[in-house]
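In what follows, a structure is listed as structure tokens, so that the remarks can point back to it.
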Amino acid sequence: MGNVIDFSFALEVFGKLIGYVPVTLGLALSSMFFASVLGLAVMFVRWRRIPVLGQLATFYVIIGRALPTLIVLYLVFFGLPLLLLILSGGKVNNGFNQISPLVFAVLGLTLHSGAYLAEIFRTAVQSVNKGQMEAALSVGMTSWESFRRIVLPQAAVLALPLMSNQFLGLIKGTSIAFMITVMELFGAANVISSLNNRYLEVYIATAILYWLVSICFEKAFQMLEAKMSFFKERKI
Amino acid sequence: MIALKNIQKSYGDNQVLRGIDCTIPTGSVTVIIGPSGSGKTTLLRGINFLERADKGEIILDDMQVDVEKATKKEIHALRQRTAMVFQSYNLFQNKTALENIMEGLVVVKKLTQAQAKEKAEVYLEKVGLVEKGSFYPTQLSGGQQQRIGIARALALDPKVILFDEPTSALDPELVGEVLDTMKRAAEEVKCTMLVVTHEIAFARDVADQMIFMEGGNIVEEGRPREMIQAPQEERTRKFLSRFTLQQAGIC
């Protein structure tokens with residue numbers, strides 16, 4: 001029983017795995033960024049009830065939230081090249097082999113998170129008192145000015161805790177990018193553990209790394225929320 | 001001068017405005033009274049299109065807007081020439097008191113930050129809240145918030161300010177300071193005011209014209225003192241009786 005956990009091996013693995021944290025972080029941060037932009041756009045066209053685009057956006061939100069992330073990732077990874085091949089009439093040939101799987105991973109994760117973020121933004125905007133918009137309009141601002149200057153900053157504060165949740169989920173969700181050959185933290189852990197035939201050390205080290213990353217961002221979001229709710233009553 | 005012609009509005013089968021006609025001369029104060037559900041707030045919100053009436057015409061000096069066909073541009077122009085004070089104040093929650101007044105000046109009137117700040121400070125002083133400029137709405141009392149609301153409206157130099165029951169959400173002891181502020185706005189700034197209120201005493205002391213509405217119609221209009229002392233319509237007399245009795249010290 002003496003070597004259930006080989007500490008020196010665990011430490012060595014830990015050092016190796018740290019090298020993959022940037023991949024995981026890069027995936028999470030870029031997907032979160034694009035998903036936020038997508039989510040905002042989707043929320044906006046639905047909020048303004050823009051014809052066609054609004055309905056498409058609603059359809060996307062329903063589908064996007066109904067599919068497992070892995071399926072979205074597979075559809076993007078295997079389906080997109082095929083779709084483009086068909087659409088281009090065979091002109092775009094195997095060029096996709098040169099595109100890094102990272103791009104597909106970011107695209108898939110963006111599509112998945114975007115649907116959730118769109119809903120988060122929608123509820124946040126709806127939670128801002130209707131009178132705020134009316135007051136801005138009554139002053140003579142356009143609806144876009146009213147939205148951007150008055151409603152959005154207030155909605156952002158309401159959305160932040162939920163965005164934080166979504167982002168923490170996304171950090172861990174990046175682990176499935178391994179399924180489309182992206183070598184990120186979880187993927188590297190799988191490889192190292194099977195090569196050495198030692199699992200516990202590797203996954204404990206991996207768990208600690210995920211935990212460290214998550215806790216940092218949780219704190220960061222808390223600080224951001226505090227900073228952005230400067231106008232709210234101090235609560236204990 | 002602002003004039004409304006044959007304003008009509010229905011919610012489904014429920015007709016809330018049945019053809020309202022009225023004229024508010026420049027620099028005058030008009031008070032609309034009436035029981036709840038009489039359509040007074042809907043009428044007021046119809047003027048700046050926070051609620052869109054179905055039919056009628058709104059005339060604001062040289063502007064003439066057909067409610068039914070009003071374009072986005074016309075609605076925007078109308079909103080830029082009017083201002084509103086809300087029952088629930090509706091100060092911008094993410095802005096300080098001073099920024100609340102500056103916001104419209106910067107975004108709509110295109111003043112520079114410095115010009116807007118200077119002007120906002122003037123109006124902050126007019127409502128007696130210079131020392132509260134850097135406070136956020138949640139840090140102010142209801143009465144203070146409403147006074148900022150009035151300053152925000154005044155600073156825009158609107159052709160008319162629409163007051164939607166400005167004291168109804170206030171604690172009784174805070175009503176006075178808001179009414180005083182409105183009175184000063186009427187007397188010093190000479191701004192044109194259309195006020196929906198239940199404060200009959202304010203109507204008597206400040207208003208030039210009083211309108212009594214019920215069931216989507218104007219039942220009676222006239223000079224406030226005359227209307228309070230000798231209402232022509234039975235319905236008006238009944239509505240005002242509580243107030244007249246109070247005045248006589250009976251109730």
Side-chain angles (χ1 to χ4, degrees), chain A residues 40 43-45 47-51 53-54 120-121 123-163 221-236, chain B residues 41 44-45 47-51 72-73 75-97 99-110 134-140 145 148-149 151-164 169:
Chain A
L40 267 179
M43 178 273 289
F44 192 75
V45 297
W47 180 66
R48 290 305 303 268
R49 300 213 177 89
I50 294 173
L53 274 181
I120 288 174
F121 295 152
T123 50
V125 164
Q126 279 175 351
S127 305
V128 175
N129 191 320
K130 208 167 105 257
Q132 294 291 306
M133 186 76 189
E134 290 186 347
L137 291 175
S138 79
V139 161
M141 291 196 237
T142 63
S143 48
W144 170 243
E145 285 165 346
S146 309
F147 180 74
R148 190 175 55 82
R149 300 184 58 99
I150 305 300
V151 177
L152 205 55
Q154 295 181 46
V157 178
L158 298 170
L160 264 178
L162 297 167
M163 285 175 77
F221 267 103
Q222 276 171 6
M223 278 158 67
L224 192 63
E225 193 189 337
K227 204 172 142 75
M228 286 180 75
S229 39
F230 58 87
F231 56 86
K232 292 213 168 163
E233 227 164 350
R234 304 271 176 279
K235 282 190 195 120
I236 306 157
Chain B
T41 290
L44 205 68
R45 289 164 60 86
I47 295 174
N48 62 357
F49 282 81
L50 288 185
E51 234 145 309
K72 238 179 171 176
K73 213 173 148 192
I75 294 172
H76 189 225
L78 209 54
R79 284 178 179 157
Q80 288 190 327
R81 287 170 173 76
T82 59
M84 191 171 230
V85 173
F86 296 85
Q87 181 175 356
S88 45
Y89 334 127
N90 291 353
L91 292 189
F92 304 133
Q93 295 294 307
N94 55 332
K95 308 264 173 195
T96 63
E99 286 167 351
N100 260 276
I101 308 174
M102 288 169 63
E103 186 69 8
L105 300 175
V106 173
V107 180
V108 181
K109 302 279 175 192
K110 311 289 179 206
S134 61
F135 284 52
Y136 285 95
T138 49
Q139 300 168 311
L140 299 172
Q145 288 190 57
I148 298 293
R152 175 172 73 181
L154 282 172
L156 295 163
D157 298 319
K159 304 256 190 213
V160 58
I161 301 185
L162 312 165
F163 290 82
D164 181 15

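The sequence lines fix the lettering, A, B, ..., with proteins before strands; numbering per chain opens at 1. Atom set for the values below is all heavy atoms of this structure, side chains included, hydrogens, waters and symmetry mates excluded. These figures come from a predicted structure and were not determined experimentally.
Taking CG of B/Asn90 as the start and NZ of A/Lys130 as the end, the distance is 9.5 Å to the nearest 0.5 Å. How far NE2 of B/His76 is from CE of A/Met141: 9.5 Å, rounded to the nearest 0.5 Å.
Looking at every heavy atom in both residues, A/Ala136 comes nearest to B/Phe92 through N-CE2, 3.5 Å. Minimum interatomic distance between B/Val108 and A/Val139 (heavy atoms only, all atoms of both residues): CG2-O, 3.8 Å.
Taking chain A as the reference chain and counting heavy-atom pairs below 4.5 Å, the highest number among B/Thr96, B/Leu91, B/Thr82 is found for B/Leu91. Ranked by heavy-atom pairs under 4.5 Å with chain A, the first of B/Arg152, B/Arg79, B/Arg45 is B/Arg79. When the candidates B/Gln80, B/Met84, B/Gln93, B/Arg81 are compared by the number of heavy-atom contacts under 4.5 Å with chain A, B/Gln93 comes out ahead.
Other residues, nucleotides and ligands contribute at most 12 non-hydrogen atoms within 6.0 Å of the NZ atom of B/Lys159.
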Give the table of side-chain donor-acceptor pairs shorter than 3.5 Å for residues 149-158 of chain A, with sequence neighbours excluded, one pair per line with atom names and distance.
from: A/Arg149; atom 1: NE; to: B/Glu103; atom 2: OE2; distance (Å): 2.4
from: A/Arg149; atom 1: NH2; to: B/Glu103; atom 2: OE1; distance (Å): 3.2
from: A/Arg149; atom 1: NH2; to: B/Glu103; atom 2: OE2; distance (Å): 3.3
from: A/Gln154; atom 1: NE2; to: A/Gln132; atom 2: OE1; distance (Å): 2.8
from: A/Gln154; atom 1: NE2; to: A/Ile150; atom 2: O; distance (Å): 3.2
from: A/Gln154; atom 1: NE2; to: B/Asn94; atom 2: OD1; distance (Å): 3.3

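Remark: side-chain polar atoms of B/Thr138 are paired, donor with acceptor, to backbone N or O of A/Phe231 under 3.5 angstrom.
Of the candidates B/Leu162, B/Asn48, B/Asp164, B/Ile161, B/Asn48 is the only one forming a side-chain contact (heavy atoms from CB on, under 4.5 Å) with A/Ser138.
For A/Arg48, the side-chain contact (heavy atoms from CB on, under 4.5 Å) test picks out A/Phe44, A/Ile50, A/Ser143, B/Lys72, with sequence neighbours left out.
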